[in-house]
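Written below as structure tokens is the structure these notes are about.
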Amino acid sequence: MQPSETLSGNFSPDAHPPAARRESDADGGLVLTLTSGKGGVGKTTTTANVGTALAIAGQRVIVVDADIGLRNLDIVMGLESRVVYNLVDVIEGRCSLHEALVRDKRVGEMYLLPSSQTRDKTAIAPDQMMTLCDELRSIADFVLVDSPAGIELGFQNAIAAASEVIIVTTPEVSALRDADKVIYLLERDMNIQARLIINRYNPRLVRRKEMITRNSILDILSIDLLGIVPEDDQIIVSANKGWPVALERKKYVSRAYHNIAQRLLGYNVPLIHFQEISWPERLRRLIGL
């Protein structure tokens with residue numbers, strides 16, 4: 001069994017979404033920080049794919065790797081060979097922002113601001129990150145910040161300039177506990193109501209009562225659901241190739257990222273609906289028909 005994504009009239013996998021633009025902050029684009037508290041839940045892959053989907057929808061997007069010392073976003077996006085400068089170089093004045101941005105030529109107006117591999121999280125402070133993001137949002141519709149794991153300085157840097165925080169979690173007890181801690185800190189310290197992406201959701205395991213259900217996750221975390229990304233090997237394969245699966249418009253899992261992007265743009269897109277799919281249909285989807 002594989003899940004299928006229910007789509008609204010605003011988007012189909014065979015047509016480009018409309019170049020709509022969600023209302024931004026008064027002085028620039030939106031800064032979206034993707035975080036979780038726990039490592040390994042798919043924040044980086046989610047950042048790359050949601051950013052790609054927004055760019056396909058006609059938005060100017062900058063994705064920022066805020067994990068200083070453990071840079072990975074450039075690899076997932078397949079841009080590592082083109083990285084020359086990084087965000088620490090920009091902050092310390094060794095290059096301009098324009099020089100550090102790496103354009104993804106495969107889709108629209110999408111750029112990567114990579115992190116440093118040779119420095120640690122103390123290389124920048126939250127106020128410096130805010131200044132940097134203010135500059136980024138003046139030239140982009142969406143700035144997506146890939147937060148490092150944990151709730152220490154790297155996390156504080158990543159959320160410093162956030163217009164909105166998106167929590168990424170998997171349906172695991174440890175991931176949910178860490179996500180709940182992050183939500184508590186955001187509400188206590190910043191008065192931010194985050195939204196949620198559930199990643200690697202497996203409806204077969206849910207029906208066998210071997211995975212936490214969507215409704216149970218929402219009861220635990222008590223935040224709005226932005227989207228569900230089903231478990232799919234294609235995501236891992238694409239990440240290893242440096243080719244975000246959102247570029248593959250006909251792959252069913254790609255639709256989850258595009259629907260999330262459409263919700264960020266303000267469209268009322270139905271949440272994912274799971275249904276039984278026959279083996280012939282599974283084969284058709286695997287070969288892209």
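Because the structure is a prediction, the values reported are computed rather than measured. Heavy atoms only: backbone and side chains are in, while hydrogens, waters and symmetry mates are out.
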Please tell me if the side chains of [X] and [Y] come closer than 4.5 Å, counting only heavy atoms from C-beta onward.
X    : Y    : value
V145 : V143 : yes
I217 : P171 : yes
T35  : D146 : no
N199 : Y201 : no
E210 : R204 : no
R214 : L225 : yes
D141 : V61  : no
L247 : R106 : yes

Can you measure from [atom1] ([X]) to [atom2] ([Y]) and round to the nearest 0.5 angstrom?
X    : Y    : atom1 : atom2 : result
K43  : I167 : NZ    : CD1   : 10.0 Å
S81  : I75  : OG    : CD1   : 11.0 Å
Y111 : K105 : OH    : NZ    : 10.5 Å
Q59  : L30  : CD    : CG    : 9.5 Å
R103 : L112 : CZ    : CG    : 13.5 Å
T169 : R200 : OG1   : CZ    : 10.0 Å

message: Grouping I, L, V, M, F, W and Y whenever their side-chain heavy atoms are under 4.5 Å apart, do L87 and L70 come out in a common cluster?
response: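 No, because L87 and L70 fall into different hydrophobic clusters, even though each may have its own neighbours under 4.5 Å.
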field: Worked verdict on I166 versus T33 for side-chain contact (heavy atoms from CB on, under 4.5 Å)
entry: CA-CA 6 Å; I166 298 170; T33 296; over 6 Å; no
- prompt: Side chains of Y252 and D232: donor-acceptor distance under 3.5 Å anywhere?
  reply: yes
task: Say whether N215 and T213, considering side chains only, have a donor N or O and an acceptor N or O under 3.5 Å apart.
output: no
Between [X] and [Y] (salt bridge meaning N to carboxylate O under 4.0 Å), is one present in this structure?
X    : Y    : value
E92  : R119 : yes
K38  : D178 : no
E109 : R60  : yes
R195 : E164 : yes
D67  : K121 : yes

- prompt: Can you name the closest pair of heavy atoms from A246 and N49 and give their distance?
  reply: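 A246 and N49 have their closest heavy atoms at N-OD1, 2.9 Å.
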V41 versus V168, closest heavy-atom pair with distance: CG2-O, 3.5 Å
query: Can you tell me if CG on D219 sees more than 12 non-hydrogen neighbours from other groups inside 6.0 Å?
result: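 Yes, enclosed.
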task: Return yes when atom CG of N191 has more than 12 non-hydrogen atoms of other residues, nucleotides or ligands closer than 6.0 Å, and no otherwise.
output: no
- prompt: Under the side-chain contact (heavy atoms from CB on, under 4.5 Å) criterion, do I235 and V229 qualify, and how do the steps go?
  reply: CA-CA 10 Å; I235 298 175; V229 179; 3.7 Å; yes
- request: With L113 as reference, evaluate N86, L132, D65 under the side-chain contact (heavy atoms from CB on, under 4.5 Å) test and give the passing residue.
  value: L132
query: Would you say the side-chain atoms of S238 pair up with the backbone N or O of Q234, donor to acceptor, closer than 3.5 Å?
result: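 Yes, the answer is positive, given that a donor and an acceptor are paired below the 3.5 Å cut-off.
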message: Using only atom types and a distance under 3.5 Å, with no angle test, would you say the side chain of E99 pairs donor to acceptor with the backbone of S96?
response: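 Yes; at least one donor-acceptor contact below 3.5 Å.
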- request: Output, in order, the C-alpha distance, side-chain angles, deciding distance and verdict of side-chain contact (heavy atoms from CB on, under 4.5 Å) for V102 and D74.
  value: CA-CA 9 Å; V102 181; D74 58 320; over 6 Å; no
